[in-house]
**Student:** 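Next up is a structure, given as structure tokens.
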2 protein chains.
Amino acid sequence: MKTDGAGAHVLLVDDDVDLSTMLRQYLENEGFRVTVDFNGKQAVDAATSGVYDAVILDVMLPTITGIELLRRIRQDSAIPIIMLTAKGDQVDRVIGLELGADDYMPKPYYPPELVARLRAVLRRRNGERAGAEEDPELGFSDLKVNTPARRVTWQGAPIQLTTTEFNLLVALLQSGDRVATRDQLSRNVLGRAWESYDRSIDVHANNLRQKLLNASEGGVEIETVRGVGYRAKGRQ
Amino acid sequence: MKTDGAGAHVLLVDDDVDLSTMLRQYLENEGFRVTVDFNGKQAVDAATSGVYDAVILDVMLPTITGIELLRRIRQDSAIPIIMLTAKGDQVDRVIGLELGADDYMPKPYYPPELVARLRAVLRRRNGERAGAEEDPELGFSDLKVNTPARRVTWQGAPIQLTTTEFNLLVALLQSGDRVATRDQLSRNVLGRAWESYDRSIDVHANNLRQKLLNASEGGVEIETVRGVGYRAKGRQ
DNA sequence: CCAGGCTTTACCAAACCTTTACAGAAAGCT
DNA sequence: AGCTTTCTGTAAAGGTTTGGTAAAGCCTGG
């Protein structure tokens, strides 16, 4: 249940208010604490203050270049840094990496991809090997969900799920006994906020429900919580 | 005195003539044979020629980045490599270490420290050769992949692969049951992060898939995991 | 200059996501 | 209970995304 980097505090330095707001929400939904710095002025102080666990740094900043920022941060701190770079901009990238950025992320990016890389640098920072092994298996009773392999089985028999269905199932299981709201599910699974009249999650939930029903004969259920969302339930 | 690595032949790739001369003297004094390459041009050929036991590689080179050099060497050889990186410039373990560097050494360094690490990687290499720790052969059922020799066979019959295809196959096999994401594959195989619309991995994956299919008649498959990446699968 | 091999592009088919519509269930109200 | 409103299940149509594939472009080493 405890995903990597849960609770890690991330400093996001980006001048694009809209984009960074969306990204912040996404990150928070993934369990990070996020602070945004729009102008980069205080970024160096903030980044080196020791309160953050990682920095996401846009290289395209209005007043000061991200590269310069990166250099200054690196003078005082070894905090993990991910740069956001323009697509195909090799120069910034190489310079960035050589200045000690831990990774880069070409724009435009998919938030889940960024989160994956963020977790990677955090994991690497903490005991490299130690926590490296995730709890790859979740699920209850005879239902096994192997996240790294993206495989689902009931009593050993594989269940064929689409990408979204798989993600949805994982989200539901991670939510455990708590009800997962449509908004949470939409953000986690579809990568967008939920708005009224959006029935997409419902459709996926039902398709998933159907497949699980067929495969497990009622061993796993997806319970509807009227007006709120869904919850996965199984005979323990 | 002459402990580990006595007589080992080291290739030093560094453009700073003064520094590398001093280092060479120090290393020779410690019992190593040393060859220096200043411009890095011939470094790949030299490193992969089989005459050296280890490479010390400066990442800050004038014409070509050390990272690029590293990648090319790793395409053809498993020789131990230590990177020299600028201070604080954890020149990317993401890229450096993931591309297969064995260790890194921040500049400025104390020669004794470098020698210690050099011996460590040499010892590790030899130890692995002695112990059963290594898996020079990976693959399943009738597919044999010999990494040091860079040879692939199906039921003894060789399969002709390009460098990239071979690396891709190894990356897939090493990932085992886990799905290898495009980003992971891109980093490991191509030495760069993945960005959307980059289809290179897909093309290689399909070429490889085709060759394996022809050779093994379905004994090995490269499975596509939609929206995520690929996985190698074989009849066990 | 050629050859081999990596990358990019373009196109197509298949997979699959989203939307829509409607019917049925649940909850509220009187 | 009945009636009304709100919400969810479900099927199907439509549209979008994704990956396979062929081919052209490009780079590099010979």
**Student:** Quick one: does B/Arg150's side chain have a donor or acceptor within less than 3.5 Å of a partner on B/Phe166's backbone?
**Tutor:**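 Looks like no, no N/O pair under 3.5 Å.
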**Student:** Between B/Lys211 and B/Glu165, is the salt bridge (charged side-chain N to carboxylate O under 4.0 Å, His left out) condition met? List the steps.
**Tutor:** CA-CA 10 Å; B/Lys211 289 189 181 179; B/Glu165 286 159 6; 2.8 Å; yes
**Student:** State whether the side chain of B/Thr181 and the backbone N or O of B/Val228 hold a donor-acceptor pair below 3.5 Å, judged by distance alone.
**Tutor:**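 A pair under 3.5 Å: no.
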**Student:** Give a yes or no answer on whether the side chain of A/Trp154 reaches the backbone of A/Pro158 with a donor-acceptor pair at less than 3.5 Å.
**Tutor:**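 Such a contact is absent between A/Trp154 side chain and A/Pro158 backbone.
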**Student:** Just how far, in rounded Å, is P of C/dT8 from CG of B/Asp202?
**Tutor:**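 B/Asp202 atom CG is separated from C/dT8 atom P by 12 Å.
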**Student:** Strictly distance-based, threshold 3.5 Å: is any side-chain N or O of B/Asp53 a donor or acceptor partner for the main-chain N or O of B/Val10?
**Tutor:**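 The answer is no, because no donor-acceptor pair under 3.5 Å joins these two groups.
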**Student:** How close or far is atom C1' of D/dG20 from atom CZ of B/Arg182, stated in whole angstroms?
**Tutor:**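 These atoms are roughly 11 Å apart.
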**Student:** Please give, in whole Å, the distance from C/dC16 P to A/Leu168 CG?
**Tutor:**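 Taking CG of A/Leu168 and P of C/dC16, I get 15 Å after rounding.
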**Student:** Atom CD of A/Glu223 to atom P of D/dC7: distance rounded to whole Å?
**Tutor:**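 These atoms are roughly 19 Å apart.
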**Student:** Rounded to the nearest angstrom, tell me the gap between atom CG in A/Leu208 and atom P in C/dC16.
**Tutor:**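 Interatomic distance, CG of A/Leu208 to P of C/dC16: 14 Å.
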**Student:** Rounded to the Å, how far apart are B/Trp194 CH2 and C/dC6 C1'?
**Tutor:**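 After rounding, the reported distance stands at 18 Å.
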**Student:** Do the side-chain N or O atoms of B/Tyr230 get closer than 4.0 angstrom to the phosphate oxygens (OP1, OP2) of D/dT18?
**Tutor:**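 Checking D/dT18 against B/Tyr230, no side-chain N or O comes under 4.0 Å of OP1 or OP2.
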**Student:** Show each protein N/O and nucleotides 17-24 of chain C N/O combination with a separation under 3.5 Å, one pair to a line.
**Tutor:**
unit_1 : atom_1 : unit_2   : atom_2 : d
C/dC17 : OP1    : A/Thr164 : N      : 3.4
C/dC17 : OP1    : A/Thr164 : OG1    : 2.8
C/dC17 : OP2    : A/Thr162 : OG1    : 3.1
C/dC17 : O5'    : A/Thr164 : OG1    : 3.0
C/dT18 : OP1    : A/Arg192 : NH1    : 2.6
C/dT18 : OP2    : A/Ser200 : OG     : 2.6
C/dT18 : OP2    : A/His204 : NE2    : 3.0
C/dT18 : O5'    : A/Ser200 : OG     : 3.3

**Student:** Indicate yes or no for a side-chain donor-acceptor contact from A/Thr21 to the backbone of A/Val17 under 3.5 Å, with no hydrogens or angles considered.
**Tutor:**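 Yes; judged by distance alone, with no hydrogens or angles, the pair exists.
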**Student:** Quiz question: by atom type and distance under 3.5 Å, do the side chains of A/Asn206 and A/Arg199 form a donor-acceptor pair?
**Tutor:**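 There is no such pair between these side chains.
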**Student:** Side chain of A/Arg209, backbone of A/Ile222: donor and acceptor closer than 3.5 Å?
**Tutor:**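 Answer holds: yes.
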**Student:** Short question: side chain of A/Asp14, backbone of A/Ser20 - any donor-acceptor pair under 3.5 Å?
**Tutor:**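 Here the side-chain-to-backbone pair does not exist.
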**Student:** Using whole Å, what does the distance between atom C1' of nucleotide C/dC16 and atom CG of A/Asn206 come to?
**Tutor:**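 The answer, rounded to whole Å, is 16 Å.
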**Student:** Could you give the angle between the helix axes at the two ends of the helix from C/dC1-D/dG30 to C/dT30-D/dA1, with five pairs per end, rounded to 10 degrees?
**Tutor:**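 If I round to tens, the end axes sit 40° apart.
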